[in-house]
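The structure under discussion appears below in the form of structure tokens.
Bear in mind that the values here come from a model prediction, so they are computed numbers and not experimental data.
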Amino acid sequence: MLVVEQPGEGLWGAQQYLLRLAPLLEARGYDQVLAAPESSAVASAWRQQGRPHVHFPVPPERKIRRHGDRGPVSPLLLTRELARTAANARRIAALGSALQVDCIHANAHWSHLEAALGGRLASLPVVLHLHDLLPGIAGRLRAVAVRIADASVAVSNAAASYLPERARSRVTVIHNGVDPMALSPGPAHPDVRRELATDPSAPIVLAMCRLDPRKGVDRIIRAVAALDGDLGRAQLAVVGTSNTGEGLARRLRVLGAELLGARVRFLGPRQDIAAVLRSVDVLVQASSREALGLSVLEAQACGTPVVAYPASGTLEIVRDGETGLLARHDDVAHLSACIGRVLTDAGLRAHLAHAARAQVVTTFTLEQQADRQARLLDELVGGRGDRRLRTRSAVRQEFTA
């Protein structure tokens with residue numbers, strides 16, 4: 001497969017999906033060549049795994065609106081992006097033909113339409129992976145790509161539901177999974193707790209997400225600040241970084257300092273996710289829109305209780321009172337109350353942890369995700385996945401940037 005990725009800075013859920021699934025799909029007969037900017041984080045991590053990569057030049061930022069996600073569509077920016085789409089479609093077609101791949105996999109929103117068109121030019125089947133929820137004109141462009149592509153995978157029913165009905169009927173829902181062996185319950189790490197909190201003896205609340213307005217980190221800060229009594233000592237650890245510049249991160253730090261003082265720490269990205277999740281008392285997700293929520297699955301696998309808003313795909317993995325607590329949407333006071341319930345009720349914590357872990361093991365594992373994806377690919381390429389037309393070393397010698 002030629003895997004086309006157009007990432008921003010950092011390794012987000014969509015890129016983690018590629019890195020985690022690559023060896024599992026390889027074991028099922030599918031070698032993958034990544035086409036992504038040479039300097040991107042995902043390309044670097046991919047090469048560290050010893051996998052072949054080709055440089056695919058794309059600008060670090062692509063947009064069609066003048067003032068963020070909610071601003072008006074700019075005719076000039078839209079024209080520029082359509083021209084880029086046409087040029088990239090030709091590049092993808094040329095790469096697919098040169099590498100003699102069996103199919104093309106487009107993993108990012110901006111690559112969907114380009115790969116669908118490139119596949120048509122090269123007479124190669126194309127599968128799209130839909131990781132997010134896209135309303136408006138972006139959603140309409142995605143629908144066009146889905147109708148052109150041979151197959152599409154959505155990470156949740158919520159992600160599929162954002163498409164119009166004619167496009168939705170062409171989508172297969174394959175929920176994201178996690179590794180329940182690598183992410184499993186265990187004792188807290190005292191050293192990690194000291195890194196996460198000024199007072200590691202106090203309850204630690206974790207926000208683990210991209211610093212993006214839709215992720216609601218400001219609501220989590222306010223919810224922790226509203227805890228009173230013995231819970232007034234609660235600490236907040238924020239793990240993640242921004243993909244929209246430092247403006248929002250700076251505003252969140254100012255808000256945290258005003259409301260929590262030394263009780264909040266912004267820790268940036270972490271690689272020791274299992275150790276972090278085992279060392280906190282609750283994970284909180286306050287997204288206004290969420291396709292699924294990989295951090296929620298990771299917490300559930302580790303037996304860490306989850307409190308969340310009922311945002312779209314979150315409802316597919318969090319059942320209120322069973323596998324987590326759901327606060328009323330955008331209600332910071334209720335979010336705070338739910339956090340307080342988890343922190344003060346040991347029996348509730350144990351119940352949520354056990355049920356959530358069991359759900360992950362039975363329904364949301366990486367192996368199950370890889371099995372379903374390999375079956376879809378087998379149908380797409382006519383069972384050629386186990387026929388190695390070219391060796392990985394040959395591809396690397398000829399095409400790796």
Side-chain angles (χ1 to χ4, degrees), residues 8 10-17 68-70 109 130-136 138-139 154-162 173 175-176 178 205-226 236-244 248-249 251-252 255-256 264 266-267 269-270 273 276-277 280 282-301 304-320 323-339 342 352 356 360 364:
L11 290 173
W12 311 114
Q15 290 77 49
Q16 294 288 356
Y17 146 81
D69 291 344
R70 298 182 181 180
H109 162 60
L130 317 181
H131 290 277
D132 45 15
L133 310 177
L134 293 178
V155 299
S156 65
N157 292 300
S161 72
Y162 268 63
V173 175
H175 289 95
N176 278 340
V178 296
V205 179
L206 175 65
M208 187 168 68
C209 60
R210 188 171 65 250
L211 301 186
D212 179 285
R214 288 192 295 266
K215 297 296 184 178
V217 176
D218 58 324
R219 299 183 181 94
I220 301 175
I221 292 172
R222 296 181 190 279
V224 173
L236 174 62
V238 181
V239 171
T241 188
S242 173
N243 66 339
T244 58
L248 175 63
R251 291 193 296 273
L252 290 173
L255 179 65
V264 61
F266 289 84
L267 299 156
R270 301 272 299 212
I273 297 303
V276 168
L277 287 167
V280 301
V282 60
L283 173 89
V284 181
Q285 183 190 81
S287 301
S288 59
R289 199 168 72 216
E290 193 72 51
L292 189 67
L294 191 59
S295 64
V296 170
L297 284 177
E298 292 170 335
Q300 291 176 327
T304 302
V306 171
V307 173
Y309 280 149
S312 312
T314 302
L315 291 170
E316 298 175 40
I317 53 177
V318 178
R319 299 191 309 277
D320 189 33
T323 58
L325 292 186
L326 292 173
R328 290 187 293 270
H329 192 64
D330 282 343
D331 188 333
V332 172
H334 194 225
L335 183 68
S336 182
C338 290
I339 295 171
V342 169
L352 297 178
V360 169
F364 296 106

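Here R219 pairs with D330 in a salt bridge; the nearest charged N to carboxylate O distance falls below 4.0 Å.
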Apply side chain to side chain contact (heavy atoms under 4.5 Å, CB included) to R214 and S288, showing your working.
-> CA-CA 5 Å; R214 288 192 295 266; S288 59; 3.7 Å; yes
Output, in order, the C-alpha distance, side-chain angles, deciding distance and verdict of side chain to side chain contact (heavy atoms under 4.5 Å, CB included) for V238 and L211.
-> CA-CA 9 Å; V238 181; L211 301 186; 3.8 Å; yes
Could you walk me through whether V306 and T323 pass the side chain to side chain contact (heavy atoms under 4.5 Å, CB included) check?
-> CA-CA 8 Å; V306 171; T323 58; over 6 Å; no
Start with the C-alpha distance between M208 and V280, add both sets of side-chain angles, then the distance that settles side chain to side chain contact (heavy atoms under 4.5 Å, CB included), and finish with yes or no.
-> CA-CA 11 Å; M208 187 168 68; V280 301; over 6 Å; no
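In this structure, CG in L297 is found 9.0 Å from NE2 in H175, a value given to the nearest 0.5 Å. Considering CD of Q300 and CG of L277, their distance stands at 11.0 Å, rounded to 0.5 Å. The distance from atom CG of D132 to atom CH2 of W12, rounded to the nearest 0.5 Å, is 13.5 Å. In this structure, CG on L255 lies 6.5 Å from CG on D218, to the nearest 0.5 angstrom. To the nearest 0.5 angstrom, I339 atom CD1 is 10.0 Å from L283 atom CG. Between the CZ atom of F266 and the CG atom of L236 there is a distance of 7.0 Å, given to the nearest 0.5 Å.
Residues satisfying the side chain to side chain donor-acceptor pair (under 3.5 Å) test with D331, not counting sequence neighbours, are R328.
Here the closest non-hydrogen pair linking V284 and I220 is O-CD1, 3.4 Å. Residues V276 and L206 approach most closely at CG1-CD2, 3.8 Å, considering heavy atoms. Taking each heavy atom of L326 and D320 in turn, the nearest pair found is N-OD1, 2.8 Å. Between S161 and A158, the shortest heavy-atom distance links the atoms OG-O, 2.7 Å. Shown here for Y162 and S312, the closest heavy-atom pair between the two residues is OH-OG, 4.4 Å. Closest approach of A223 to L335, counting heavy atoms only: CB-CD2, 3.8 Å.
Checked options E290, R289, Q285; the residue passing with T314 is Q285 (criterion: side chain to side chain donor-acceptor pair (under 3.5 Å)).
The closest donor-acceptor contact from the side chain of S336 to the backbone of R222 lies at 3.5 Å or more, if one exists at all. Distance alone, capped at 3.5 Å, is enough to place a donor-acceptor pair between the S156 side chain and the A291 backbone.
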